[in-house]
Amino acid sequence: MSYSLSEGAVEIIMSGGEYDGPVIQVLGHKKIQSRGEDRIRLIVSDGKHSHSLALLNSQLNNKVFSGELSNYSVIKVDKYFISSVQKKEEKRVMVILNLTIIAPGAEVGKKLGDPIQWSEDMTSPSYASTTKAEPKPVPTPMSNLSKTTAGINLNSSVLSSQMTHPIASLSPYQNKWVIKARVMNKTAIRTWSNAKGEGKLFSMDLCDESGEIRATAFKNECDKFYDMIQIDKVYYISRCQLKTANKQYTTLKNDYEMTFTADTVVSECMEESNSVPSIKYDFMPISDIADKGPDTILDVIGVCKSASDIQELTAKSTGKLLKKREATLVDSSGGAITLTLWGAEAEKFDGSSNPVVAVKGARLAEFNGSKSLSCLASTIVRVQPDVEEAHRLRGWYDNGGDSMAMVHISARVGQGGGNAEWMTFAEAEERRLGTGDKADYFSLLGVLTFTFADNAVYKACPQEQCNKKLVDQQNGLYRCEKCNREYPNYKYRLLLGATVSDPTGDQRVTAFNESAEVMLGRSAEEVGRLSDYDKAEYGQLLDHVKFKTFVFKFRTKIETYSDEAKLKTVVMSAQPVDYRDANARLVKSIKALSGVEV
DNA sequence: CCCCCCCC
């Protein structure tokens, strides 16, 4: 068995060129300490040259500890970057991010070829001309920086020709570095005032291939850099102060954070920087969120099916005036969830064109048994992001996904009724529910067996709290008798008559806006538009929801209309079935009925 | 040097 190594790759890579997926042999390894962390240094060979300054990304350490990556192994380096370390002089280091083991050491069993040790001064000009080599790094990266003025360097060529340092390598103990990083997120300018003084600041989240870090600019630096720093752009940044990050306040994966100082130099990277990754999302299908606990921090991507207007409220605890907007996101998992946006983010958000929205680091909140996502200050929200999942979702939504029935994870649960025992219609009748002076409430697992399509949606008063049906004045205006006013606009609201059945009987019920939206799987706005502009589709929608099963909570009370006493039953909430819960209830009643443990 | 991240 012979193994072919990428002869000459070490030389090309170490002299600044690019070599795609070099196949090299591991000749030895050594454990070193870096910032209190174990790092593995590999001695590698391409058959022609060996090189002892190959660092293994710490995530790969286990491959060595487990023996998987033993000496003489032949590996393909799938991903690497070149960094530099300062000892007595600048030294280039190859950091291996990803590798594939082509042949284990035991199988190879010997050193391949007769490699000689490579060193910096072996760099020959011939390689630079035959490869896509970048300009050779200047030996003293910081020497040029003093020539910049005001810290903002508009000509990136000075910095771009230099070697940059991986973010993961930054520490307070070393201040001669330049990073090449993408801005993932930038906060608004915030002011503070406390016993220690006052000021203003903004912060940004930066990332490169090696990791991420938060940087904050205070006062002067806040003014100086705020406009320049733009989300998604790549910058060369140097001369910041590093300090230990308070883990309490950050979700970024870095032990340190940076503070801009008067000496900080920032320069936009003008060339294509595909090597600097953009935000790394870890999207969770919306329907999976139902199983997650409160305070889970997660990423989602979905189409904004609807969004509320801005609501203003006063925080009880702080007395602060808050602005929020709720957007409903849906994805192809068939889940829907409410995302709450706050402050300026809420104000600028426009969901009217059903954009794809990507969210990184939102927090799962639970209120009255209903789950929703809430944005934190650190949450990144991107509207119409240029990522594959966004394009896929766009295609899905525009080609029928929009009419898919959704399980709304944030569906309201009747107050306090979440754990009420379920009843059947027969049991409700037996107990004469609704026949007393006060209304009775009960929950039931039932099937929607009929929907009354006539007048299921109406044009309601646009005022926040008034949901009165408007009178069409036939002149473009609508009159609200309750407000005694005419409006040019209106909001749609649902008032759905339906029949719910269970194995023991059925009941004519009425569902108002929120519960009807859950039952129809559409917003009142959408149903209204269909009713006015696409009667066929409207009819289909009302037809297709038949035989869907929900957990209903009813309010029932006997009422007399023209001498006839009838049970008036209102749907307080309709929830998609949580089958785990449903089965547990079933098992419980089987036990109770049979006296047998199951 | 901030560090609040909310409400029904």
Side-chain angles (χ1 to χ4, degrees), chain A residues 172 185-205 213-226 229 240-252 254-264 294-298 307-328 337-347 349 359-381 408 410-418 464-465 513-515 572-573:
Chain A
N185 201 22
K186 163 181 146 175
T187 69
I189 292 179
R190 193 171 72 239
T191 57
W192 82 88
S193 174
N194 59 28
K196 289 179 205 161
E198 55 186 50
K200 56 178 161 179
L201 70 118
F202 81 97
S203 62
M204 70 207 90
D205 298 336
I213 194 163
R214 182 162 74 169
T216 306
F218 292 95
K219 297 175 184 173
N220 287 343
E221 289 73 57
C222 173
D223 288 337
K224 189 156 126 186
F225 292 107
Y226 187 77
I229 298 290
C240 295
Q241 187 187 91
L242 274 120
K243 60 172 189 174
T244 306
N246 188 338
K247 286 284 172 190
Q248 193 185 336
Y249 302 123
T250 173
T251 49
L252 289 192
N254 201 314
D255 292 341
Y256 304 110
E257 59 184 26
M258 322 200 306
T259 303
F260 279 24
T261 72
D263 296 329
T264 294
D295 296 336
T296 306
I297 302 288
L298 49 91
S308 74
D309 289 334
I310 289 275
Q311 286 163 264
E312 290 195 355
L313 49 108
T314 311
K316 260 187 198 157
S317 49
T318 58
K320 249 202 307 203
L321 186 68
L322 305 171
K323 283 181 183 168
K324 73 159 184 178
R325 191 195 296 274
E326 289 180 342
T328 301
I337 195 161
T338 301
L339 173 74
T340 307
L341 301 149
W342 299 95
E345 193 133 55
E347 287 186 88
F349 185 84
V359 187
K360 183 180 166 68
R363 189 169 68 185
L364 187 58
E366 196 170 346
F367 180 72
N368 277 351
S370 152
K371 283 172 179 164
S372 66
L373 292 172
S374 185
C375 288
L376 307 174
S378 54
T379 304
I380 302 175
V381 177
H408 204 308
S410 307
R412 294 270 173 212
V413 179
Q415 48 285 348
E464 183 81 24
Q465 295 307 326
N513 206 52
E514 287 71 20
S515 47
M572 302 303 293
S573 73

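Just so we're clear, the structure is a prediction, and the values are computed from it rather than from any experiment. Letters A, B, ... are given to chains in the order of the sequence lines, protein chains preceding strands, and every chain is numbered from 1.
A/E257 comes within 4.0 angstrom of a nucleotide base, judged by non-hydrogen atoms across all strands. Within the 4.0 angstrom heavy-atom criterion, base atoms lie near A/R214. Residue-level contact check: A/K320 touches the bases, meaning some heavy atom is under 4.0 Å from a base atom. Residue contacts for A/R363: at a heavy-atom cut-off of 4.0 Å it reaches the sugar-phosphate backbone alone, with no base atom in range. As judged by a 4.0 angstrom heavy-atom cut-off over every strand, A/K243 is placed among the base-contacting residues.
Contact annotation: side chain of A/K324 to base of B/dC7, donor-acceptor pair present below 3.5 Å.
Here A/F367 lies parallel enough and close enough to stack on the base of B/dC8, with planes under 30° and ring centres under 5.5 Å apart.
With sequence neighbours excluded, no residue forms a side-chain hydrogen bond (donor to acceptor under 3.5 Å, both in side chains) with A/N220.
A sub-4.0 Å separation between OP1 or OP2 of B/dC2 and a side-chain N or O of A/N194 is present.
The A/L322 side chain lies nearest to B/dC6 when the options are B/dC1, B/dC2, B/dC6. Picking from B/dC6, B/dC7, B/dC2 the nucleotide with the shortest atom distance to the side chain of A/T216 gives B/dC2.
Atoms OH (A/Y256) and P (B/dC3) sit 24 Å apart, rounded to a whole Å. Regarding A/Y249, its OH atom lies at a distance of 4 Å from the C1' atom of B/dC3, rounded to whole Å. Rounded to an integer number of Å, the gap from NZ of A/K200 to C1' of B/dC2 is 15 Å. Atom NZ of A/K371 is separated from atom P of B/dC8 by 22 Å (rounded to the nearest Å). Nucleotide B/dC6 holds its P atom 19 Å from the CZ atom of A/R325, rounded to whole Å. A/W192 places its CH2 atom 9 Å from the P atom of B/dC1, with the value rounded to the nearest Å. The interatomic distance linking A/I310 (CD1) with B/dC6 (P) rounds to 17 Å, in whole Å. Atom CG in A/D309 sits roughly 19 Å away from atom P in B/dC8 (whole-Å rounding).
In this structure, A/A327 and A/F349 approach most closely via the heavy-atom pair CB-CE2, 4.0 Å. The minimum heavy-atom distance linking A/L242 with A/M258 is given by the pair CD2-CG, 4.2 Å.
The CD atom of A/E345 sits 12.0 Å away from the OG1 atom of A/T340 when rounded to the nearest 0.5 Å. The CD atom of A/E326 lies 11.0 Å from the CG atom of A/L373; values are rounded to the nearest 0.5 Å.
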